[in-house]
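Following: one structure in structure tokens, then a few remarks.
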Amino acid sequence: MTIKAGTEFDRFLVLFDHLVEITNDWIARTPEDKLDWVPVDNKNVRFGDRVSLVTIKSLYIHTAVGEHHWIRNLRDCAEGAVVPVPKDPDLSAQLSAGDFVAQCASMHRENMKILRDLDKQQLKKRVTFVERQWTVMGFLWAVYAHRAYHLGNIDIYLRQSDTAAPDFFHFHATEMA
């Protein structure tokens with residue numbers, strides 16, 4: 001079943017795809033020596049046990065690994081499923097060791113294909129993640145928010161490194177949704 005144009009899901013697809021493009025542009029502006037730069041390192045600068053050294057590169061990889069995990073789980077899960085917290089140290093290490101931007105971009109293209117194939121019934125499924133119930137559509141907005149949250153972290157790191165971060169609202173002139 002194809003989703004009609006102009007639906008909430010259509011808007012999500014446009015906005016999510018643009019947010020990933022914007023994140024990639026932020027990374028492209030990051031000086032090589034700032035990708036693994038740590039401006040502040042203390043016990044409060046952590047994102048659980050999955051990002052224990054917060055850098056621009058680690059945040060970028062963390063976001064891509066999370067989306068890879070969540071989108072496949074949301075596609076494949078049954079009604080009422082518990083979506084596990086994304087933990088894939090092997091994928092994180094593989095991305096970290098290679099051309100992580102190109103690999104993450106490829107993963108995003110695969111994610112968008114999976115997303116475009118979701119139908120209305122899949123979007124209405126109820127799932128549980130971190131003890132909260134969501135519809136798949138609602139959880140997709142949480143995936144979007146997760147990326148936006150970490151883009152904000154990356155933006156702050158760029159500014160702390162004395163690198164001009166893009167102006168979010170003027171950086172892309174295309175119509176968003």
Side-chain angles (χ1 to χ4, degrees), residues 12-76 83-118 129-130 139-174 176:
F12 165 81
L13 290 174
V14 169
L15 292 170
F16 180 65
D17 195 36
H18 278 288
L19 189 60
V20 172
E21 288 176 18
I22 289 167
T23 307
N24 291 340
D25 291 336
W26 251 256
I27 296 300
R29 287 188 179 215
T30 303
E32 186 76 27
D33 65 330
K34 298 301 182 190
L35 288 170
D36 291 313
W37 176 67
V38 180
V40 176
D41 188 21
N42 64 50
K43 64 183 172 72
N44 293 310
V45 185
R46 302 284 182 268
F47 295 100
D49 61 353
R50 292 179 318 274
V51 183
S52 59
L53 181 63
V54 179
T55 67
I56 290 173
K57 183 177 179 180
S58 69
L59 287 169
Y60 182 83
I61 289 171
H62 162 78
T63 303
V65 169
E67 291 165 2
H68 177 83
H69 167 84
W70 286 320
I71 289 168
R72 282 151 187 77
N73 272 272
L74 293 172
R75 173 195 62 195
D76 298 337
V83 177
V85 173
K87 290 184 182 181
D88 194 338
D90 292 337
L91 179 56
S92 295
Q94 173 192 337
L95 294 171
S96 188
D99 181 350
F100 70 99
V101 175
Q103 291 174 336
C104 289
S106 176
M107 288 168 46
H108 176 68
R109 287 189 297 276
E110 292 170 16
N111 290 341
M112 290 302 295
K113 181 177 179 348
I114 290 168
L115 289 169
R116 286 185 186 103
D117 288 342
L118 295 178
F129 180 72
V130 296
F139 194 82
L140 288 174
W141 284 117
V143 171
Y144 177 91
H146 178 259
R147 178 171 281 271
Y149 173 75
H150 287 310
L151 178 58
N153 300 137
I154 290 169
D155 178 86
I156 289 168
Y157 267 38
L158 279 175
R159 292 171 194 279
Q160 288 177 338
S161 75
D162 198 25
T163 302
D167 178 353
F168 183 81
F169 287 106
H170 294 101
F171 195 54
H172 284 270
T174 60
M176 293 298 282

Between atom CD1 of I154 and atom OG of S58, what is the distance when rounded to the nearest 0.5 Å? 8.5 Å
All heavy atoms of P84 vs all of W70, minimum pair found to be O-NE1, 4.3 Å
Is the closest side-chain heavy-atom distance between R75 and L118 below 4.5 Å? yes
I need the minimum non-hydrogen distance between W37 and D33, along with the two atoms involved. CB-O, 3.9 Å
Atom of Y144, atom of L15 and distance for their closest heavy-atom approach: CE1-O, 3.5 Å
Give, for atom CG of L151 and atom CG of L59, the distance between the pair rounded to the nearest 0.5 Å. 10.0 Å
Fit a plane to each ring of H150 and H146, take the angle between them on a 0 to 90° scale, and name the class: parallel (under 30°), tilted (30 to 60°) or perpendicular (over 60°). perpendicular
Pick out which of R147, R72, R109 makes a salt bridge (Lys or Arg N to Asp or Glu O under 4.0 Å) with E67. R147
Heavy atoms only: give me the nearest V83-F129 pair and the separation to one decimal. O-CD1, 3.1 Å
Hey, does T163 have a side-chain heavy atom less than 4.5 Å from the side chain of T30? no
Do M107 and L91 come close enough that some side-chain heavy atom pair is under 4.5 Å? yes
Would you call L140 and F16 a side-chain contact if the rule is heavy atoms closer than 4.5 Å? no
Measure from the side-chain N and O atoms of T23 to the backbone N and O of L19, and report whether any donor-acceptor pair falls under 3.5 Å. yes
CD1 of I156 to OG of S161, rounded to nearest 0.5 Å, is 12.0 Å
Output the distance between atom NE2 (H68) and atom CG (D88), rounded to the nearest 0.5 Å. 6.5 Å
Main chain of S96, side chain of K57: is a donor-acceptor contact present, judged purely on distance under 3.5 Å? yes
Ion pair R29/D25, N-O distance below 4.0 Å: no
Could you give the distance from CD1 (I71) to CD1 (I114), rounded to the nearest 0.5 Å? 7.0 Å
If you round to the nearest 0.5 Å, how far is CG of N153 from CG of L158? 11.5 Å
Is there a side-chain contact between E21 and D17 in this structure, where contact means two heavy atoms from C-beta onward sitting under 4.5 Å apart? yes
Identify the two heavy atoms, one from Y157 and one from V54, that lie closest to each other, and give their separation to 0.1 Å. OH-O, 3.1 Å
Taking every non-hydrogen atom, the tightest pair across Y60 and I27: CD1-CG1, 3.3 Å
